[in-house]
Amino acid sequence: MKEKIDLLIKEMEQKFKSCTSMQELNDLKVFYLGKKGVITELNNGIKDVPPSEKKDYGMEVNRARTFFNDAFEEKKEKLEEERINQKLKEETIDISLPSEKHITGSKHPFNRIIEEVEDLFVSMGYDVVDGPELEDDEHCFRLLNYTVGHPARDAQDTFYIDEEYLLRTQTSASQSRVMQANTEKSPIRVICPGKTYRRDDDATHSHQFGQVEGLVIDKNISLADLKGTLETFAKKLLGENTKVRFRPSYFPFTSPSCEVDVTCFKCGGKGCPLCKKTGWIELLGAGMVHPNVLRMGGYDPDKFTGFAFGTGLDRLAMFKYAIPDIRLMYTNDIRFLKQFNRKEED
Ligand code: DAH
């Protein structure tokens, strides 16, 4: 019996050695220890063994079973280790490989221009304030010296919500809000960028557009301050060589009022289709704050003076980035927006 078990153990040893997978290992278990397995059969054979040999026989069968179980566990561990090593090898990350290129969004030209204008005025000591897009007639018109039935109201193509409320047609509405909110009636130096709305829609007008308003109120503010500030603004935004000219104009909330033109940045002032051969492009409206507006805002016009200006942000962006159609600013055409990826790196 002993020789027989020795032979069996040798045979098992060989089989474990050549076993290369969990599947094969499990097959071995069935082959030796399954219902009809070699060792199981040997064990069952004990009943035919003479009583005096039963003990030795049993011990020998156990020796075979113990060998199998030990060898099985050892092999199982080894196969598991091999599997983990193989997996680690497959999943090794090559950190020297170039990374995948992710497509990133770009800053919208509208936001770019807002940031630029904000940075510029903040560097000159201005605060940036916000105002509501859903405005009332009071702040958008009345407190800005547009009396009821004033003809200048017609020029604004207003979207009315009801008798009282409207979508603001101009960020000038923020002027009246800022004056009102300043209960101490202390000096003011703010810009108010934001969205505005008018019933307009063509290549140079959109029903929604952006404006930025500027308001300065203090003692002894003069037209010279207005000129100096706007010249600085135009040159910093559009280039030091930009020339600026002031033309008389009319707005109900400023007196005197003016419009400010800059030399066409496309032709440098020589004349081209963009500037309609005049060499000049209109940049903004401005003026000295009307005494009525100061008074309605709670400021004594005998003590305080001020200037205000307002310009279209889309216009500025169109000039600066040579955008031919204002509607491109609002239709989110990916081919248009992508171009500003590159500009971001400038
Ligand atoms: N709100 C005017 C517009 O939408 C622009 C403007 C003109 C603003 C003169 C001002 C100003 O503050 O002083 O056309």
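These numbers were taken from a predicted model, which means no experiment stands behind them. Just so you know, residue 1 is the first one in the sequence shown, and it goes up from there. Read the numbers this way: they start at 1 and go in the same order the structure lists the ligands and their atoms.
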* Using a strict cut-off of 4.0 Å, indicate which atoms of ligand 1 neighbour a heavy atom of Gly287. => 13 (O)
* Of all the atoms in ligand 1, which lie at a distance below 4.0 Å from a heavy atom belonging to Ala308? -> 12 (O), 13 (O)
* Asked: Is it the case that Ser96 and Asp94 place a side-chain donor and acceptor less than 3.5 Å from each other?
  -> yes
* Asked: What heavy-atom pair brings Leu237 and Lys320 nearest, and what distance separates the two atoms?
  -> O-NZ, 3.1 Å
* Asked: With a distance cut-off below 6.0 Å to the six-membered ring centre and an angular limit of 45° from the axis, does Lys227 pair with Phe246 as a cation-pi contact?
  -> yes
* Structure fact -> shortest atom 2 (C) of ligand 1-to-protein heavy-atom contact is with Gln170 OE1, 3.6 Å
* Under 4.0 Å to a heavy atom of Gln211 - the qualifying atoms of ligand 1, by number -> 3 (C), 4 (O)
* Looking only at N/O atoms, are Thr169 and ligand 1 under 3.5 Å apart anywhere? -> no
* Can you find an N/O atom of Gly214 closer than 3.5 Å to an N/O atom of ligand 1? -> no
* **Exercise: identify the closest heavy-atom pair between Tyr146 and Arg153** => O-NH2, 3.2 Å
* Are the side chain of Lys243 and the backbone of Thr263 linked by a donor-acceptor contact shorter than 3.5 Å? -> no
* **Neighbour count above 12 (heavy atom, 6.0 Å) for Asn241 CG** => no
* atom 14 (O) of ligand 1: which protein heavy atom is closest, and how many Å away? -> Arg198 NH2, 3.9 Å
* Asked: What part of Met288, side chain from CB on, backbone N/CA/C/O, both or neither, has a heavy atom under 4.0 Å from ligand 1?
  -> neither
* Structure fact -> among protein heavy atoms, the one nearest atom 11 (C) of ligand 1 is Phe253 CE1, 3.3 Å
* Among protein heavy atoms, which sits nearest to atom 12 (O) of ligand 1, and what does the distance come to when rounded to 0.1 Å? -> Glu213 OE2, 2.5 Å
* Does the side chain of Phe121 come within less than 4.5 Å of Val128's, by heavy atoms? -> no
* Asked: Can you check ring pair (Phe, Tyr, Trp, His ring centres under 6.0 Å) on Tyr197 and Phe209, steps first, answer last?
  -> CA-CA 6 Å; Tyr197 303 83; Phe209 54 104; 7.8 Å; no
* To do: Could you tell me which atoms of ligand 1, counted from 1 in the order shown, lie closer than 4.0 angstrom to a heavy atom of Gln175?
  => 12 (O)
